Amino acid sequence: MSDWMTLLEVGGPLAAFGGGAAYTRARHPGVYWSTVGLPLSTVRLLGSYGSVMEACGLTVQPSRLRAFAARATTRREVRPVPPRRGIIRPTSTGLRLRLRLAPGQEPADVAASAERLRHAWGVHAVYVKDVKPGVVELRLVGFDVLRDVRMRRKAGGGPLKVPVALREDATAFVRDYRAVPHQLTLGATLSGKSMYLRHLVTGLARQPVALVGIDCKRGVELAPFAARLSALAIDPEQAAELLPVLIKEMEDRYDLIKTRQGISPGTPAEDITSDIWGLPEGERPVPVVLFVDEVAELFLVATKKDEERRDEMVTQLIRLAQLGRAAGIYLEVCGQRFGAELGKGATMLRAQLTGRVCHRVNDEASAKMALGDIAPEAVMAACAIAPERPGLAVAGDTSGGWFRIRTPYLSLGDAARICRESAHLTPELAALEPFRPELPPGPAVTPAPVVRPVPVTD
């Protein structure tokens, strides 16, 4: 009887702890990682580092001097040595450590063993980053950070930089318009494309940037942000009038740059520039970001007259994509499909859009339109996005790199409120004033009743 009581006294708390750990791991993976997963993975890494590296083929024969010293002091068999390991740095989502590669090794050798390292150390994923020649950083992610996206407060924002999503390696995906001027974003209905657009608009709304929108769905996507928009076109007819104005604005900025380039023998080198960012701050025009939602609507035609207008608009978009960067004009093109079947100029415009973000699409051909010229693996990753994970996307650029990202939830009401609060930052551009959206009258505010003080009597 006493043995059964002892088992109950010991087994009861253990069962409760195990059940609580399983529940925490399923519902609150961040808390589980900080309390249970982090210590366990650290112990596994420290205890099996040498054997795991040897099993992965990441060890090399020691130098002759080291082998001679080992034989002289320990009289043991000289074993291959793994890469030198740096300090283990725990994070809220995983671990980080640096490895100094041995002569003859390269970062690709470590990256090829990432899946083996993941299973050996009991983590969700392992990512390899090349830090400098001979040194790589291992980023171990303890759980699926894209299941419940939580952006960090300090996510690397700045001028024309918007932390818009979370990458699968637990770092922020920052949309940097200075580094990637133009981008194509594709996604089917309810894929999270609109959520991605909201984060971009609200992130830029807090900066001194002119926001211009073309939304051929009668403005239902961009109209809630009208308080912060410098111009808005809600149908192809208005877009056909707005695009020439942007072209003229771009040409005027080039004239300003050309005037500044009046180079004389005594002109300082720092005053010579080829874009607006080299101009003095007092003379520098404000950057302009053009959002084009449902770009296919600009390509669709019904009559011969519409076809001429379409060709003219596409030509103007291509000119903005080719020449707009130096003038501080950036394109954010969104749609459900984008390819050669849209008509003349579609492929040429897509070639000018360096950044690519592909949410869930309805067919493989749509993924190939966005990512086919980057990497075949990226196309397959985009096709594997499940409908129950809205906001999940594959991001990359024409350099060949790609990774999974997910945008956190942001309601339309909150996004509109941020734009209203940032309305005072809307720059004054005389050329765009005719296209400034009219704001609907706000709700009637009932004045608060006047409370008169009650006289105090003795």
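Below, all heavy atoms of this structure are taken into account, side chains as well, without hydrogens, waters or symmetry copies. Predicted model only: the values in this text are computed from it and were never measured.
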**Prompt:** Do K193 and E221 pass the salt bridge (charged side-chain N to carboxylate O under 4.0 Å, His left out) test, and can you show the C-alpha distance, the side-chain angles, and the key distance before you say yes or no?
**Reply:** CA-CA 11 Å; K193 177 167 53 66; E221 289 289 347; over 6 Å; no
**Message:** Using the rule given for side chain to side chain contact (heavy atoms under 4.5 Å, CB included), can you reason through E433 versus E428, listing the C-alpha separation, both sets of side-chain angles and the distance that settles it, and then say yes or no?
**Reply:** CA-CA 8 Å; E433 193 62 31; E428 298 291 338; 3.8 Å; yes
**Request:** Could you check R118 against E115 for salt bridge (charged side-chain N to carboxylate O under 4.0 Å, His left out), going step by step and ending with a plain yes or no?
**Result:** CA-CA 5 Å; R118 177 178 82 88; E115 191 67 14; 2.8 Å; yes
**Asked** Between M250 and Q316, does a side chain to side chain contact (heavy atoms under 4.5 Å, CB included) hold up when you go through it step by step?
**Response** CA-CA 11 Å; M250 180 183 70; Q316 291 163 348; over 6 Å; no
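Applying the side-chain hydrogen bond (donor to acceptor under 3.5 Å, both in side chains) test to S411 and every residue at least two apart in sequence or in another chain returns D414. In this structure, the salt bridge (Lys or Arg N to Asp or Glu O under 4.0 Å) partners of E283, at least two apart in sequence or on a different chain, are R260. Partners of D144 by salt bridge (Lys or Arg N to Asp or Glu O under 4.0 Å), not counting sequence neighbours, listed by chain and number: R389. Taking Q352 as the reference, nothing meets the side-chain hydrogen bond (donor to acceptor under 3.5 Å, both in side chains) condition, with sequence neighbours excluded. For K129, the side-chain hydrogen bond (donor to acceptor under 3.5 Å, both in side chains) test picks out no residue, with sequence neighbours left out. Taking the salt bridge (Lys or Arg N to Asp or Glu O under 4.0 Å) definition, one finds that D130 meets it with nothing, sequence neighbours left out. Listed by chain and number, the residues in a salt bridge (Lys or Arg N to Asp or Glu O under 4.0 Å) with D109 amount to none (sequence neighbours excluded). With sequence neighbours left out, the side-chain hydrogen bond (donor to acceptor under 3.5 Å, both in side chains) criterion links R337 to E341, D363, S366.
Surrounding NZ of K217 are more than 12 heavy atoms belonging to other residues, nucleotides or ligands, all under 6.0 Å away. Other residues, nucleotides and ligands place more than 12 heavy atoms under 6.0 Å from the CG atom of L46.
Taken to the nearest 0.5 Å, the OG1 atom of T185 stands 9.0 Å off from the CG atom of L353. In this structure, CG in L317 is found 6.0 Å from CG in L349, a value given to the nearest 0.5 Å. Summarising the geometry, atom CG belonging to L146 is positioned 9.0 Å from atom CG belonging to D169; distances are rounded to the nearest 0.5 Å. Interatomic distance, CG of L184 versus CD of E332, reported as 9.0 Å (0.5 Å rounding). Atom CZ of R356 and atom CH2 of W402 lie 15.5 Å apart (nearest 0.5 Å). Separating the CG atom in L371 from the CE atom in M380 is a distance of 12.0 Å, to the nearest 0.5 Å.
Under 4.0 Å is where a charged nitrogen must lie from a carboxylate oxygen, and between E237 and R309 at least one such pair does. Using a cut-off of 4.0 Å between Lys/Arg side-chain N and Asp/Glu carboxylate O, R218 and E297 are scored as not salt-bridged. A salt bridge does not link E281 to R284: none of the charged nitrogens lies less than 4.0 Å from a carboxylate oxygen.
Side-chain contact check for V123 versus V141: every heavy-atom pair is 4.5 Å or farther apart. A 4.5 Å side-chain heavy-atom check between P408 and H199 finds at least one atom pair inside the cut-off. Side-chain atoms of V201 and R228, non-hydrogen and from C-beta on, never get closer than 4.5 Å to each other. For the pair I214 and L243, the minimum side-chain heavy-atom distance is below 4.5 Å. Between V361 and M369 there is no side-chain heavy-atom pair separated by less than 4.5 Å. By the 4.5 Å heavy-atom criterion applied to side chains, D293 and C334 are counted as neighbours. The shortest side-chain heavy-atom distance between V145 and F143 falls under the 4.5 Å cut-off. A 4.5 Å side-chain heavy-atom check between R360 and L392 finds every atom pair outside the cut-off.
Residues in residues 30-42 take part in no salt bridge (charged side-chain N to carboxylate O under 4.0 Å, His left out) pair, two or more places apart or across chains. Residue pairs meeting the ring pair (Phe, Tyr, Trp, His ring centres under 6.0 Å) criterion with at least one member in residues 341-389, sequence neighbours excluded, are Y196-H359. Listed by first and then second residue, the ring pair (Phe, Tyr, Trp, His ring centres under 6.0 Å) pairs involving residues 278-297 amount to none (not counting sequence neighbours).
No donor-acceptor distance shorter than 3.5 angstrom exists from the side chain of S41 to the backbone of L38, with no hydrogens or angles considered. In terms of modelled atom types and a separation under 3.5 Å, the side chain of R198 and the main chain of L410 share a donor-acceptor contact.
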Quick one: side chains of residues 86-104, donor-acceptor pairs under 3.5 Å with protein atoms, not counting sequence neighbours, listed by atom name and distance.
{"from": "T91", "atom 1": "OG1", "to": "T93", "atom 2": "N", "distance (Å)": "3.4"}
{"from": "T91", "atom 1": "OG1", "to": "G94", "atom 2": "N", "distance (Å)": "2.9"}
{"from": "T91", "atom 1": "OG1", "to": "G94", "atom 2": "O", "distance (Å)": "3.1"}

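Here the options are R147, R404, R406, R139, the test is salt bridge (Lys or Arg N to Asp or Glu O under 4.0 Å), and the partner is E168; only R404 passes.
Within the cation-pi definition used here (under 6.0 Å to the ring centroid, within 45° of the axis), R175 qualifies as a partner of Y177.
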